[in-house]
Amino acid sequence: QVQLVESGGGLVQPGGSLRLSCAASGRTVRSFTMAWFRQAPGKEREFVARIRGSSDSTYYANSVMGRFTISRDNAENTVYLEMNSLKPEDTAVYYCTVAKWTMATATEIDYAVWGQGTQVTVSS
């Protein structure tokens, strides 16, 4: 069973940047589709970005496209989320997750294992 641990969250001013990390253990995730979701206070968890296990192709929510980049380092068994031009509305707990299947979509039901989350707060 794979375990996921997110890190890299924190407090940042609007316009700033953060890089989140998701370290996997228990098994290699290089062939798995991985994703980031986030949950803001009082809101449902929402999809942020996904990287396919078969091709490393990426897909983003419209709200983060052009500002966030998802990537993976297979040697480190880690997935990253580079976040630039951060806005107050990006404030949320960010979760890393492993998909049940390669062609996972942007819905939670397609994902099986979740990390504990890391808090990102964008505020001046």
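Worth saying up front: this structure is predicted, and the values here are computed from it rather than measured. Numbers for residues simply follow the sequence, beginning at 1.
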Inset, instruction - Kindly indicate whether the side chain of Arg50, heavy atoms from C-beta on, has any atom under 4.5 Å from the side chain of Met34. - result: no
Legend entry - Thr105-Thr107 side chain donor-acceptor pair, cut-off 3.5 Å: yes
Inset, instruction - Determine whether Leu4 and Trp114 make a side-chain contact, defined as any pair of heavy atoms from C-beta on separated by less than 4.5 Å. - result: no
Inset, instruction - Sort and list the pairs that fulfil side-chain hydrogen bond (donor to acceptor under 3.5 Å, both in side chains) and have at least one residue in residues 93-104, not counting sequence neighbours. - result: Arg38-Tyr94
Legend entry - disulfide (SG to SG under 2.5 Å) contacts in which one or both residues fall within residues 51-89, not counting sequence neighbours: none
Inset, instruction - Take atom OH of Tyr60 as the centre, draw a 6.0 Å sphere, and report whether it contains more than 12 heavy atoms from other residues, nucleotides or ligands. - result: yes
Inset, instruction - Indicate yes or no: at least one non-hydrogen side-chain atom of Ser123 is less than 4.5 angstrom from one of Leu11. - result: yes
Legend entry - Pair listing, salt bridge (charged side-chain N to carboxylate O under 4.0 Å, His left out) test, anchored in residues 104-124, at least two apart: Arg45-Glu108
Legend entry - Thr118 vs Val93 side-chain heavy atoms within contact, under 4.5 Å: no
Legend entry - Ring centre gap for Phe37 and Tyr111 strictly below 6.0 Å: yes
Legend entry - Polar side-chain atom of Asn77 near backbone of Ala24 as donor-acceptor pair, under 3.5 Å: yes
Inset, instruction - Would you indicate whether the side-chain heavy atoms of Leu86 and Leu18 approach each other to under 4.5 Å? - result: yes
Inset, instruction - Measure from the side-chain N and O atoms of Thr78 to the backbone N and O of Ala23, and report whether any donor-acceptor pair falls under 3.5 Å. - result: no
Inset, instruction - Measure the spacing between OG of Ser71 and CG of Leu81 and express it to the nearest 0.5 Å. - result: 8.5 Å
Legend entry - Summary of disulfide (SG to SG under 2.5 Å) pairs that have at least one residue in residues 29-62, sequence neighbours excluded: none
Inset, instruction - Could you note down all residue pairs passing disulfide (SG to SG under 2.5 Å) where residues 47-78 supplies at least one of them, sequence neighbours left out? - result: none
Inset, instruction - Among residues two or more places apart or on two chains, list those pairs meeting disulfide (SG to SG under 2.5 Å) that have a residue in residues 71-117. - result: Cys22-Cys96
Legend entry - same_hphob_cluster(Ile70, Val64) at 4.5 Å side-chain heavy-atom cutoff: yes
Legend entry - CD1-CZ distance between Ile51 and Arg72, expressed to the nearest 0.5 angstrom: 5.0 Å
Legend entry - Check: Val113 and Gln1 side chains under 4.5 Å, non-hydrogen atoms: yes
Inset, instruction - For Gln39 and Glu44, indicate whether the former's side chain and the latter's backbone hold a donor-acceptor pair under 3.5 Å. - result: no
Legend entry - Aromatic contact, Phe68 with Trp36 (centres under 6.0 Å): no
